[in-house]
Amino acid sequence: MSAIEVKNLSRSYGDIDAVKDVSFAVPEKSFTVLLGPSGCGKSTILKMLSGLEKVSQGTINIGGSDVTEIEASKRGVSMVFQSYALFPHLNVKENIQFGLKVRKVPVEEREKKVAEAAKVVGLTELLDRKPANLSGGQRQRVALARSIVSDQSVCLMDEPLSNLDSKLRAEMRDEIRDLQKRLGLTVVYVTHDQVEAMSMADQIILLKLGEIVQVGAPEEIYNSPNSVFSAQFIGLPPMNILNLNEIDVSSLDSKVYSVVDSNKNIKDIGVRPEHIVFSKKGLPVEVKSIDYFGGETVFKLTHQEKDFFLREPRQPKIQLGDKLCVSWNLDDMYLFDKNDQRLKS
Amino acid sequence: MKDSTRNIQGWLLFTPAAILLLAFTHYPTITTFFQSLYTNKSILRPRRFSGVEAYESMFSDPIFWKVFVNNMWLALGTIPTSIGIAILMALIVNKAIPGRGFLRMAYFTPTMLPMIAVANIWLFFYAPDIGLIDKVLEIFGFEGNNWLGDPSTVLPSIIVMTVWKEAGLFMVFYLAGLQTISPELEEASKLEGSSRWNYFWRIQFPLLLPTTLFVLINAFLNSFKLVDHLFVLTKGGPDNASNLILYYIYETAFSFLDISYASALTIFLLALLALTALAQFFFLDRRTHYR
Ligand SMILES: Nc1ncnc2c1ncn2[C@@H]1O[C@H](COP(=O)(O)OP(=O)(O)O)[C@@H](O)[C@H]1O
Ligand SMILES: [Mg+2]
């Protein structure tokens, strides 16, 4: 069963169409990530789900009932904001129980819930602190605890990790994922960071300019992107996209060449950096830069003034300025048409 | 650069400001203080040291007590009301409503007018029979009143005018205060089912406390400093019913030419304002900082 179902959702601000005819479903107890570049409408979608933003068109279903016109507090959702939205004059405990007080939950039950939630996120020792005296990670935990005590089954998160440093971010990624599994929450999580999306999501909804580009599990989108945008947004360094008019097609491997030559609709070919290898024959390239990362080495290569990347788990004896050839397997190659859509070969 | 040259440079930079302060603030204050300790010079009698005599007569002067109490009523009548109205106006113009810029301007206009101009406008409102207020009352069949000529209504009339004049200024401070509050706080509390009213009392008002403290003290100082309108409206009358300390000082010094007594009154007012300013430093520096 789906916890959330969105049908033909649109939102415009004057002339700007922030969200255009978006439909998707979020399975119960799943972790769904809305992923896309800044300004693509992720936050707008999340706010419409929460009821903090009006819908221009379309319907939203949460927990089996239509909530499109229902006010925010009655939708059964909680939210973790990018800035955490903690009340600066209230201590951690008051921040966590703010909603419980509003809903006039009896004192005993309130105390119990706050204590439980504080324990879950490891804040028991800090209940008397003001937000100003907490670290970024601790503030993040207060926001999570506030969401937990609300007892809502759906939790919306808008870039909750973007204010943390990279080490803490990696830690919190695991923690949030773990929390979601333990508490059986349905999470809709907004981010522009593909690493976050890949490592946390059950389902990724990839957006561009207010429209859905592709929906699928992380490995699904990685292994079979449906467009140049999907192919390049996920993976680092991104998939190499080579325009057939800009490369020396005749130097390609014969099997690759015959496929490329057989279909006139092919405009670009795409190959992931880890699928390109140095070889005796193939596309002639020059090494432009080399980045060692310990576990892998990333080479920036240039062919007829076109740059692309090659990723190697070893550290081959290759130097800047070396002139070499590269090739790849036919199975690892993606084909795209003139509208940047994937062509199934 | 050597330390000594740096020191000299520092003192040189400080000197112009120091000279101005000394000449126009500290020196007059000290002379005023000494003048309050001496009797007035006249053709018949030379100046003589009189100690605290001027202060003794001040505390036994019924008019002094009357203007002091008037001043306190003015403060009490204007401050809470203008703060309340200022917060309300700030909340309104902080919303994304059409015509917001115009509304902000309109609310702020009274503050930009000089006090004398404000007094002239309100003189027309309060004029007996032909004034705006009496005209409106007449329509509804009520009796008019000589608002500024009646000792029982003159001070309330001045209070209403002062609120009208000051609320716009305080609104600007509150608007600035409101804009430092992240809109996500309102969204978060809305999501928790909090009403607008609850959000104001539990979140906005406490977060505006530093602003309120600042406004409170400035409003208090203003209620002693602003007297320009009395020159136009009432001259302190009738029977000192609208007289205020600063206006009384002016009268004593320049109408009654009693410099000694005027000096004593001035020192009293200065002490009162200095204490308030100190309270401001104390509170604003120590309390209500969250971030
Ligand atoms: N309140 C608003 N008024 C006008 N335009 C808005 C408003 N909120 C968002 N937008 C526009 O809608 C688009 C999507 O915004 P948003 O959902 O915040 O993007 P994202 O969260 O993906 O970065 C942007 O072009 C933004 O400028
Ligand atoms: Mg956003």
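Convention: sequence-line order gives letters A, B, ...; per-chain numbering from 1.
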Fill in: Proximity breakdown for B/S189 and chain A, heavy-atom pairs closer than 4.5 Å
both
Fill in: Exercise: identify the closest heavy-atom pair between B/E192 and A/G99
OE1-CA, 3.4 Å
Worksheet item: Hey, are the side chains of A/H89 and B/I203 touching, using non-hydrogen atoms and a 4.5 Å cut-off?
Response: yes
Fill in: Heavy-atom closest pair, residues B/N198 and A/F98
ND2-CZ, 4.1 Å
Worksheet item: Given the options A/K101, A/Q152, A/K47, A/E94, which has more heavy-atom pairs under 4.5 Å with chain B than any of the others?
Response: A/K47
Worksheet item: What closest approach, in Å, do A/S73 and B/G193 show between heavy atoms, and which atom pair accounts for it?
Response: CB-CA, 3.3 Å
Fill in: Heavy atoms from other residues, nucleotides or ligands near NZ of B/K190 exceed 12 (cutoff 6.0 Å)
no
Discussion item. With a sphere of 6.0 Å drawn around NZ of B/K66, does it hold more than 12 non-hydrogen atoms of other residues, nucleotides or ligands?
Written reply: yes
Fill in: Contacting region of A/K74 [heavy-atom separation from chain B under 4.5 Å]
neither
Item to complete: Verify the neighbour count for atom CE of B/M72: are there more than 12 heavy atoms of other residues, nucleotides or ligands below 6.0 Å?
Response: yes
Worksheet, complete the sentence: So CG of A/D158 and CD of B/E187: to nearest 0.5 Å the spacing works out to 9.5 Å
Worksheet entry | chain B contact via A/L90 - side chain, backbone, both or neither, heavy atoms under 4.5 Å | side chain
Discussion item. Around atom OH of A/Y13, are there more than 12 heavy atoms from other residues, nucleotides or ligands closer than 6.0 Å?
Written reply: yes
Practice prompt. Taking atom CD of A/Q57 as the centre, report whether more than 12 heavy atoms of other residues, nucleotides or ligands fall under 6.0 Å from it.
Written response: no
Discussion item. With a sphere of 6.0 Å drawn around CH2 of B/W164, does it hold more than 12 non-hydrogen atoms of other residues, nucleotides or ligands?
Written reply: yes
Worksheet item: Of all heavy-atom pairs between A/R146 and B/A188, which one has the smallest distance, and what is that distance?
Response: NH2-CB, 3.8 Å
Practice prompt. Of all the heavy-atom pairs spanning A/M79 and B/L191, show the shortest one and how long it is.
Written response: CB-CD2, 3.1 Å
